[in-house]
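Every heavy atom of this structure was used, including side-chain atoms; hydrogens, water molecules and symmetry mates were not. Predicted, not measured: the structure shown is a model, and the values here were computed from it.
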Amino acid sequence: MIQGFKEFISRGNAVDLAVGMVIGSAFTLIVTSLVDKVINPLIGGLIGGKNFDHVMEFTIGAGENAAVVQPGAVVTAIVNFLLVALALYIFVVTPMNAWAKRSKAEADAAPETPDADVVLLTEIRDLLASNSR
């Protein structure tokens with residue numbers, strides 16, 4: 001069982017997954033700070049509030065047993081999700097797509113050079129063919 005675990009951990013898939021998780025969690029901080037510190041304040045300046053948490057807020061009960069219901073918090077979560085998705089699309093997906101397209105165009109434009117062994121075998125074939133005539 002220990003040997004199987006060592007093989008599992010040493011395979012590229014597990015390591016790639018671990019690296020992806022670490023990079024993803026670090027990247028989450030970047031996107032969250034972009035949304036929380038840049039985009040949300042800009043929207044808040046336009047609409048007069050940082051979030052929608054208190055929109056349609058109401059209280060059920062009185063005293064210590066009072067419960068505050070905030071349907072606007074759901075709207076805030078949806079808006080934040082859309083802002084994060086938009087930020088990812090603009091700052092990550094679009095540049096990566098452009099980079100991939102440029103890389104593919106460069107790879108397609110580059111002439112394919114045969115390997116050295118293929119060139120050598122071709123020369124040998126041509127020499128044999130010229131000697132047999």
Side-chain angles (χ1 to χ4, degrees):
M1 185 169 168
I2 292 174
Q3 181 62 27
F5 182 71
K6 285 180 183 177
E7 289 174 9
F8 170 73
I9 292 299
S10 65
R11 278 191 291 183
N13 295 345
V15 174
D16 290 346
L17 180 62
V19 169
M21 292 295 292
V22 171
I23 294 295
S25 65
F27 193 73
T28 299
L29 297 173
I30 294 170
V31 174
T32 301
S33 67
L34 176 68
V35 170
D36 289 344
K37 305 296 182 188
V38 177
I39 298 174
N40 279 349
L42 289 173
I43 291 173
L46 295 174
I47 65 170
K50 188 175 177 182
N51 57 42
F52 302 103
D53 289 355
H54 300 291
V55 173
M56 298 186 301
E57 178 179 272
F58 60 94
T59 304
I60 298 175
E64 281 185 33
N65 295 329
V68 177
V69 179
Q70 294 180 315
V74 176
V75 175
T76 298
I78 292 170
V79 169
N80 283 342
F81 170 78
L82 293 173
L83 291 175
V84 167
L86 180 66
L88 280 173
Y89 181 76
I90 291 172
F91 296 109
V92 177
V93 173
T94 303
M96 289 300 290
N97 286 345
W99 177 73
K101 186 176 180 181
R102 190 175 332 121
S103 296
K104 185 175 180 340
E106 289 172 2
D108 290 345
E112 188 174 317
T113 58
D115 293 335
D117 57 346
V118 173
V119 171
L120 181 61
L121 289 172
T122 304
E123 290 175 2
I124 292 172
R125 180 200 65 202
D126 293 344
L127 282 172
L128 289 172
S130 67
N131 286 341
S132 66
R133 289 184 194 159

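- Between the CG atom of L83 and the CG atom of L88 there is a distance of 11.0 Å, given to the nearest 0.5 Å.
- Two different hydrophobic clusters hold L82 and V93 under the rule that ILVMFWY side chains link at heavy-atom gaps under 4.5 Å.
- Looking at every heavy atom in both residues, I39 comes nearest to A87 through CD1-CB, 4.4 Å.
- With contacts defined as side-chain heavy-atom distances shorter than 4.5 Å, the pair V31/F91 does not qualify.
- For the side-chain contact (heavy atoms from CB on, under 4.5 Å) with L120, the lone residue among V118, D117, I124 that qualifies is I124.
- Between the CG atom of L29 and the CG atom of L34 there is a distance of 12.5 Å, given to the nearest 0.5 Å.
- Taking all atoms of both residues into account, the shortest heavy-atom contact from D53 to Q70 is O-CB, 3.4 Å.
- By the criterion of side-chain heavy atoms lying less than 4.5 angstrom apart, applied directly or through intervening Ile, Leu, Val, Met, Phe, Trp or Tyr residues, I30 is grouped together with V92 in one hydrophobic cluster.
- For the atom pair CG (N80) and CZ (F52), the distance works out to 9.0 Å, reported to the nearest 0.5 Å.
- Follow the hydrophobic side-chain contacts under 4.5 Å out from V38 and you reach I90 in the same cluster.
- Taking both residues in full, the closest heavy atoms of P71 and F58 are given as CG-CE2, 4.3 Å, listed atom of the first, atom of the second, then distance.
- V69 and V74 are members of different hydrophobic clusters when ILVMFWY side chains are connected at heavy-atom separations under 4.5 Å.
- Counting all heavy atoms, side chain and backbone alike, P114 lies closest to V119 at CG-CG2, 3.8 Å.
- Inter-residue side-chain proximity for V79 and V75 is flagged as met; some heavy-atom pair is nearer than 4.5 Å.
- Around CZ of F27, the count of heavy atoms belonging to other residues, nucleotides or ligands within 6.0 Å exceeds 12.
- Here the straight-line distance linking atom CG of L127 with atom OG1 of T122 works out to 11.0 Å at 0.5 Å rounding.
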